[in-house]
Amino acid sequence: MNHIYQPQKIEKKWQARWDESQLYRSRVDWSKPKHYALTMLPYPSGDLHIGHWFAMTPSDARARWMRMKGYNVLFPMGFDAFGLPAEQAAISRNIHPWKWTFANIERMREQLRSMGAMFDWEREAISCTPEYYKWSEWFFKRFYEQGVAYRGSALVNWSESLQTVLANEQVIDGKDERTGQPVAQKMMEQWFFRITKYADELLDFAPLDWPESIKIMQTNWIGRSEGARATFRTEIGGHPIEIYTTRPDTLWGATFMALAPEHDLVNRITTDERRAAVEAYVEAAAQATEVERMVEDREKTGVFTGAYAINPVNDERIPIWVADYVMITYGTGAIMAVPAHDQRDFEFARAHDLEVRVVIQPEDMDEPLTEAAMSAAYDGPGAMVNSDAMDGSQSTSAKGRKNPAISRVIDWLEATGKGQESVNYRLRDWLISRQRYWGSPIPMLRADGEIVPVPDDELPVELPEDVDFVPTGRSPLTYHEPFFKVDERVRRETDTLDTFMCSSWYQLRYLSPDCDSAPFDADEAAYWLPVDVYTGGAEHAVMHLLYTRFFTKVLRDIGVFDDAAEAMRGQGRDPAGVFDEPMTVLRNQGQVLGGERQGDFVLCSGTMAGGRLLAERVEVADWNQVPAGFEGVFGEIAHRTENILRVDMAGLTQLVEILPDAEIVIPDIPGENSVNQLRHHLEIQRMSKSKGNVVNPDELVAKYGADVVRCYLMFNFDWQKGGPWNENNIKGPQGWLDDIWEIATAGPPRAPGDPEAERDIERKLHQTIAVINRGLEDFSFNTAIAEQMKFKNALRAALREGKIGASAWRETLDATLRLLAPFAPHLAEEIWARLGWDYSVHQQPWPEYDADKAREETVDLVVMINGRPRATIAVAVDIARERAQELALASEAAQRYLAGKPAKRAIFIPGRNGSDPKVNVVV
RNA sequence: GAGGAAGUGGCGGAAUUGGCAGACGCGCAUGACUUAGGAUCAUGUCUCUUUGAGGUGAGGGUUCGAAUCCCUCCUUCCUCACCA
């Protein structure tokens with residue numbers, strides 16, 4: 001028997017044993033309740049990051065717990081393997097994406113295995129294999145047939161640096177979300193998915209237990225707004241200009257119109273004398289990047305087209321301007337401008353000397369509101385004025401039909417045929433084609449200019465391997481003739497699918513990764529779907545998490561789940577609602593941030609000048625090495641820019657300028673040192689290679705063992721929040737597992753055992769079970785482990801006192817190891833085996849919580865005076881209200897406060913869920 | 001500008017959701033064992049003017065009772081952003 005816990009000696013062994021014995025194979029078993037636990041699949045970048053461990057190992061612990069509770073658990077793993085980094089590696093390092101990707105997968109599989117997770121590797125799916133992307137292509141075809149996929153022309157995001165278009169969701173602040181390179185707007189013909197058709201259904205989160213923040217983000221992203229459309233006509237030519245507004249009640253206040261620079265009509269309506277100015281403006285707007293156009297507080301610019309429009313509600317003639325604050329991608333790309341009641345229009349009107357006409361008289365104002373009195377638009381409630389027959393209608397702060405004025409105007413617009421009620425969305429259709437090589441081919445052809453799908457029996461269209469990666473920026477498929485030239489008349493689509501399409505259905509492929517007659521096996525789907533718990537990062541809120549919901553709804557509507565629904569009925573299960581959403585419960589983990597770094601402690605000597613020390617000598621030392629009577633500045637370097645240090649001198653910040661020829665002494669680094677070698681305090685921030693604060697999980701596993709790393713990650717953070725890395729804290733979980741090892745390997749105690757102490761341990765055990773159950777249920781892994789540590793402390797103390805006999809020790813250990821198994825699977829298994837118990841601990845049932853065993857016999861009655869605890873009295877658990885009040889009032893503490901006077905009230909708060917009862921005495 | 005989340009010891013974080021604030025752990029302190037201690041064990045560790053009193057970013061409010069609910073600020077992080 002080893003008496004020291006050496007995880008490195010046992011972990012590999014058990015991982016191999018679990019594999020061999022197929023411990024984690026999950027098979028359909030209709031006699032057992034199922035649980036599909038899913039954690040977001042990694043991109044095979046080549047190295048598993050500590051963030052992967054943080055996301056996956058707690059998810060694994062929870063899946064293991066569900067399994068021990070009697071569920072048939074599916075917990076699969078795979079790789080989201082298409083994407084740009086592979087292609088970039090191909091260009092810069094001359095390695096084929098296929099080779100690069102699979103080498104990385106090999107490596108990451110090993111790293112994933114080292115976690116000791118219960119992944120069922122037989123179900124692994126890799127999105128870049130033909131077996132997988134055959135079905136991505138197949139889905140694309142079905143979408144095309146159903147009109148969900150279409151080819152269309154639109155203003156799209158073009159990344160010059162990546163030489164491809166990007167979806168709206170992949171553009172942040174006008175920059176590519178991955179590389180931060182600027183993205184330009186460009187009119188292009190591309191493939192789209194009609195996600196907008198599902199906007200309303202995607203807004204319905206009723207069936208989902210998802211974080212509120214994700215639901216809000218998706219809701220905002222979809223951006224549903226209610227209002228009306230109305231058609232204005234140009235004075236000359238009568239060209240219709242359709243506008244969308246959420247404020248039809250202000251239609252009478254429109255004093256001009258504004259078109260987006262990209263609007264079709266700009267060219268046609270501009271008068272000859274305004275043409276030069278308008279063309280110059282449109283040109284300039286096209287040159288400006290999205291970023292420039294979005295700069296906050298930018299002066300509202302625009303030019304007059306020379307043309308006028310007729311307002312349909314009052315036949316008034318108003319000028320038509322072109323302004324880049326109107327976005328072609330939102331609404332109709334044209335607005336009616338109501339400066340009195342819209343801040344942007346107001347600013348524009350003031351900048352270009354246009355009329356501001358009040359049509360809503362503010363509620364709380366007696367005098368009529370006038371243009372001259374306004375310094376900002378008024379968008380509050382009030383009565384409609386200057387609006388003909390609508391005058392007097394009450395406009396509230398409510399939106400859409402809930403606002404009486406809006407509702408009345410919409411009715412009138414519809415009755416008179418001047419406009420109609422309209423709902424608008426911010427959401428755009430999903431642009432899914434990419435001008436890149438390393439993605440799933442789009443199974444389409446162009447025959448004599450006409451678009452036709454590749455026949456099903458020719459799927460998958462395989463990516464050719466013999467392509468040349470030359471840094472032309474263009475996809476190698478575009479100059480690979482055998483690929484794109486099918487014959488003289490027929491050309492193949494060379495764009496590939498957005499990788500988000502591949503990851504929109506991977507949870508289905510896990511069900512049957514080898515199935516070659518369908519994307520997934522209907523019987524498997526009938527049993528396992530939907531995913532019961534999905535874990536991963538919140539950064540996918542409006543991308544993957546929205547796409548996969550959309551994808552699932554389309555599959556349902558086009559009948560892809562019909563066979564699975566039939567199979568469910570065959571088992572007597574109701575398929576209603578089962579295929580509406582991909583994942584029922586979603587929880588996001590936070591992010592592990594880089595650790596805080598302390599700055600060097602320095603002693604700086606020199607001369608003071610202008611409030612700063614001009615240092616001739618800077619020495620890195622220890623705070624206790626400050627010589628008595630030291631004259632200079634000493635403290636931690638809080639910040640450094642070039643040769644200026646900000647030194648934190650016990651809370652006081654001192655500026656130190658290091659003179660060019662100053663002597664710098666760093667004892668740890670021999671030889672001559674430079675200013676740049678001085679370390680300054682580093683703020684907590686994201687881990688990144690450039691900051692040099694990344695944590696390598698492989699090294700941690702080698703040093704502490706996988707179980708310790710797992711437990712550290714679960715114990716030292718609020719999982720849903722994340723936080724800064726601090727390796728010092730790893731000693732906590734390490735010590736806990738050491739102690740468990742010691743208690744277990746010491747062998748049964750020779751003590752006879754004290755029934756009372758043994759009963760107390762049993763009671764604490766059951767209290768612990770309750771807390772662990774709640775912790776795992778709520779993804780509060782830290783409290784679940786804290787409670788186990790507490791229990792271990794109590795058990796160890798009782799053992800040291802010689803109060804636990806052999807059989808109680810054995811029974812307690814049996815339960816302890818089961819409770820430990822989800823968290824530290826290797827250690828629990830090793831001790832279980834050493835005690836000679838049957839393989840495997842992971843196949844044991846979870847200890848059942850017994851409320852009777854957990855119950856205390858006596859509790860502390862807390863005596864509170866005016867809500868403040870002042871004393872406790874030991875009483876029976878089931879103490880009655882009256883008795884508790886009596887005891888409290890009679891207590892020394894209460895008497896002291898009452899000073900002979902009667903108490904005003906004495907409120908009894910019964911002890912619930914293990915908390916002590918209280919009496920609050922009001923004096 | 002809009003929306004969201006959060007602010008608790010020296011640190012990571014608890015608090016059964018309105019009922020003993022600071023569980024558990026790190027760190028630190030004192031002691032024991034030791035040639036040694038960055039091992040192990042024991043004890044202690046919110047603050048103060050300590051028979052008591054105060055304390056959860058600041059200020060107000062509701063309540064018998066507030067870290068938790070409401071109002072007004074301040075700070076940090078995230079998301080969206082000229083959205084008509």
Side-chain angles (χ1 to χ4, degrees), chain A residues 172-174 211-221 223 225 227 243-247 250 258 293-298 300 323-327 329-338 341-345 347-348 424-426 538-539 541-542 590-591 593 596 712 715-718 720-721 723-736 738 742 770-771 774 778 780 782-793 800 860-872 896 903-923:
Chain A
I172 313 273
D173 285 342
E212 217 48 45
S213 59
I214 299 285
K215 294 193 276 188
I216 289 166
M217 275 193 254
Q218 293 203 349
T219 303
N220 292 343
W221 185 260
S225 75
I243 59 104
Y244 170 76
T245 177
T246 53
R247 293 294 305 274
T250 64
R293 274 178 71 166
M294 287 193 315
V295 173
E296 210 176 329
D297 294 333
R298 183 162 157 262
K300 296 273 179 296
D324 69 2
Y325 79 91
V326 181
M327 302 288 139
T329 48
Y330 186 78
T332 61
I335 61 162
M336 63 146 178
V338 184
H341 307 293
D342 180 287
Q343 185 58 25
R344 290 152 305 170
D345 298 346
E347 286 165 24
F348 191 89
N424 196 57
Y425 301 91
R426 207 190 80 106
E539 65 273 16
V542 294
Q591 207 169 24
L593 301 169
E596 198 172 354
Y712 165 71
F715 177 67
N716 267 288
F717 301 85
D718 170 351
Q720 302 191 58
K721 220 166 84 191
W725 178 262
N726 184 353
E727 202 171 316
N728 287 334
N729 283 337
I730 211 164
K731 286 183 185 162
Q734 189 180 29
W736 169 48
D738 277 343
E742 193 191 300
V771 175
R774 198 175 60 226
D778 297 344
S780 172
N782 51 355
T783 54
I785 289 182
E787 203 64 16
Q788 291 189 75
M789 289 177 170
K790 210 160 120 184
F791 177 67
K792 176 269 294 176
N793 290 342
R800 287 212 173 130
D860 285 336
L861 175 70
V862 180
V863 180
M864 299 172 115
I865 310 296
N866 291 334
R868 287 212 148 260
R870 297 300 179 199
T872 57
R896 199 169 59 233
K904 285 183 190 149
R905 295 169 74 180
I907 296 151
F908 177 68
I909 304 116
R912 301 189 303 264
N913 302 325
S915 80
D916 292 330
K918 298 163 195 75
V919 173
N920 189 17
V921 179
V922 184
V923 295

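- With its glycosidic angle more than 90° from 0, B/U40 is assigned anti.
- Taking the syn range as angles within 90° of 0, the glycosidic angle of B/G7 is outside it, so the base is anti.
- Side-chain N/O atoms of A/Lys731 include one lying less than 4.0 angstrom from OP1 or OP2 on B/G27.
- Atom CE of A/Met217 and atom P of B/A2 are 19 Å apart (whole Å).
- Closest to the side chain of A/Arg905, out of B/U79, B/C64, B/C83, is B/C64.
- Distance from the side chain of A/Ser915 is smallest for B/U16 among the nucleotides B/C26, B/C82, B/U16.
- Figure legend. B/G7 is base-paired to B/C74; pairs are counted as Watson-Crick or G-U wobble with both atom distances under 3.5 Å.
- Rounded to whole Å, the separation between the C1' atoms of B/C26 and B/U76 comes to 24 Å.
- The side chain of A/Tyr325 lies closest to B/C82, out of B/C82, B/A81, B/A84.
- Using Watson-Crick or G-U wobble geometry with both donor-acceptor distances under 3.5 Å, B/U17 finds no partner in any strand shown.
- Minimum atom distance to the side chain of A/Asp718 is reached by B/G13, of the listed B/G13, B/U16, B/C26.
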Dump every N/O contact between nucleotides 55-57 of chain B and the protein below 3.5 Å, one line per pair.
from	atom 1	to	atom 2	distance (Å)
B/G55	OP2	A/Arg868	NH2	3.3

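- Residues A/Asn726 and A/Asn716 form no side-chain contact, since every pair of their non-hydrogen atoms from C-beta on lies 4.5 Å or further apart.
- In this entry the distance linking CZ of A/Arg426 with P of B/C82 reads 9 Å, nearest Å.
- In this structure, the nucleotide among B/A21, B/G12, B/C82 sitting nearest to the side chain of A/Lys300 is B/C82.
- Note on A/Arg344: every side-chain N or O is 4.0 Å or more away from OP1 and OP2 of B/A84.
- Ring pair A/Trp736/A/Phe791: centre-to-centre distance not below 6.0 Å.
- Residue A/Asn728 has no polar side-chain atom (N or O) positioned under 4.0 Å from OP1 or OP2 of B/G25.
- Panel note: side chain A/Asn866, backbone A/Val923; a donor-acceptor pair is recorded below 3.5 Å.
- Rounded to whole Å, the C1' atom of B/G37 lies 16 Å from the corresponding atom of B/U30.
- Computed from coordinates, the A/Met789 CE to B/G25 P distance equals 7 Å when rounded to whole Å.
- Look at the P atom in both B/C70 and B/U62: the space between them is 15 Å, to the nearest Å.
- In this structure, the NZ atom of A/Lys918 is 11 Å from the C1' atom of B/G65, given to the nearest Å.
- In this structure a side-chain-to-backbone donor-acceptor pair under 3.5 Å is missing from A/Asn920 to A/Ile907.
- Atom CD in A/Glu539 sits about 10 Å away from atom P in B/U79, given to the nearest Å.
- Protein atom NZ of A/Lys790 is 10 Å distant from nucleotide atom P of B/G25, rounded to whole Å.
- The partner of B/A2, taking Watson-Crick or G-U wobble pairs whose two distances both stay under 3.5 Å, is B/U79.
- Separating the CE atom of A/Met864 from the P atom of B/U63 is a distance of 18 Å, rounded to the nearest angstrom.
- Using N1 to N3 plus N6-O4 or O6-N4 for Watson-Crick, or N1-O2 and O6-N3 for G-U wobble, each under 3.5 Å, B/U51 pairs with nothing.
- Taking atom C1' in both B/G3 and B/A81, the straight-line distance is 10 Å, to the nearest Å.
- Projected onto RNA chain B by closest heavy-atom contact, A/Met336 and A/Val922 fall at different nucleotides, the more 5' of which corresponds to A/Val922.
- Between the C1' atoms of B/G22 and B/U56, the separation comes to 9 Å (whole Å).
- Taking CZ of A/Arg426 as the reference point, atom OH of A/Tyr330 lies at 9.0 Å (rounded to 0.5 Å).
- Closest to the side chain of A/Ile907, out of B/C82, B/U16, B/C64, is B/C64.
- In this structure, B/U40 forms a base pair with B/A32, meeting either the Watson-Crick or the G-U wobble geometry with both donor-acceptor distances under 3.5 Å.
- Projected onto RNA chain B by closest heavy-atom contact, A/Asn793 and A/Gly331 fall at different nucleotides, the more 5' of which corresponds to A/Asn793.
- Atom C1' of B/A5 sits at a distance of 22 Å from the matching atom of B/C11, rounded to the whole Å.
- Within the 4.5 Å cutoff, side-chain heavy atoms of A/Val921 are placed close to those of A/Ile865.
- As the counterpart of B/U56, no nucleotide is assigned, since no Watson-Crick or G-U wobble pattern has both distances under 3.5 Å.
- Comparing the C1' positions of B/G1 and B/G12 gives a spacing of 36 Å, expressed to the nearest Å.
- Taking 4.5 Å as the limit, some side-chain heavy atom of A/Thr245 sits within range of a side-chain heavy atom of A/Met336.
- The shortest distance between side-chain heavy atoms of A/Asp342 and A/Thr250 does not fall below 4.5 Å.
- If you check B/G13, B/G19, B/A14 against the side chain of A/Pro724, the one that comes closest is B/G13.
- Listed nucleotides: B/G54, B/A42, B/U16. Nearest to the side chain of A/Arg800: B/A42.
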Below 3.5 Å is the cut-off: list the nitrogen or oxygen pairs between protein and nucleotides 5-10 of chain B, distance only.
none

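- Here B/A84 sits opposite no nucleotide as a Watson-Crick or G-U wobble pair (both hydrogen-bonding atom distances under 3.5 Å).
- Taking only side-chain nitrogens and oxygens, A/Asn782 never comes nearer than 4.0 Å to OP1 or OP2 of B/G12.
- Taking 4.5 Å as the limit, every side-chain heavy atom of A/Asn729 sits out of range of all side-chain heavy atoms of A/Phe715.
- Here B/G12 sits opposite B/C24 as a Watson-Crick or G-U wobble pair (both hydrogen-bonding atom distances under 3.5 Å).
- Checking the phosphate oxygens (OP1, OP2) of B/A84, no side-chain nitrogen or oxygen of A/Tyr244 falls inside 4.0 Å.
- The existence of a salt bridge linking A/Arg344 and A/Glu347 is excluded, since no basic side-chain nitrogen approaches an acidic carboxylate oxygen closer than 4.0 Å.
- For A/Thr872, the side chain to side chain contact (heavy atoms under 4.5 Å, CB included) partners are A/Asp860, A/Val862, not counting sequence neighbours.
- Heavy atoms of A/Trp736 sit nowhere under 4.0 angstrom from any nucleic acid atom.
- If you take atom C1' in B/G59 and the same atom in B/G38, they sit 47 Å apart, rounded to whole Å.
- Under the 30°/60° scheme for interplanar angles, the aromatic rings of A/Trp725 and A/Tyr712 are found to stand perpendicular.
- Checking B/A21, B/G54, B/A14 against every side-chain atom of A/Pro869, the shortest atom distance belongs to B/A21.
- Atom P of nucleotide B/A14 and atom CD of A/Gln788 are separated by 17 Å, given to the nearest angstrom.
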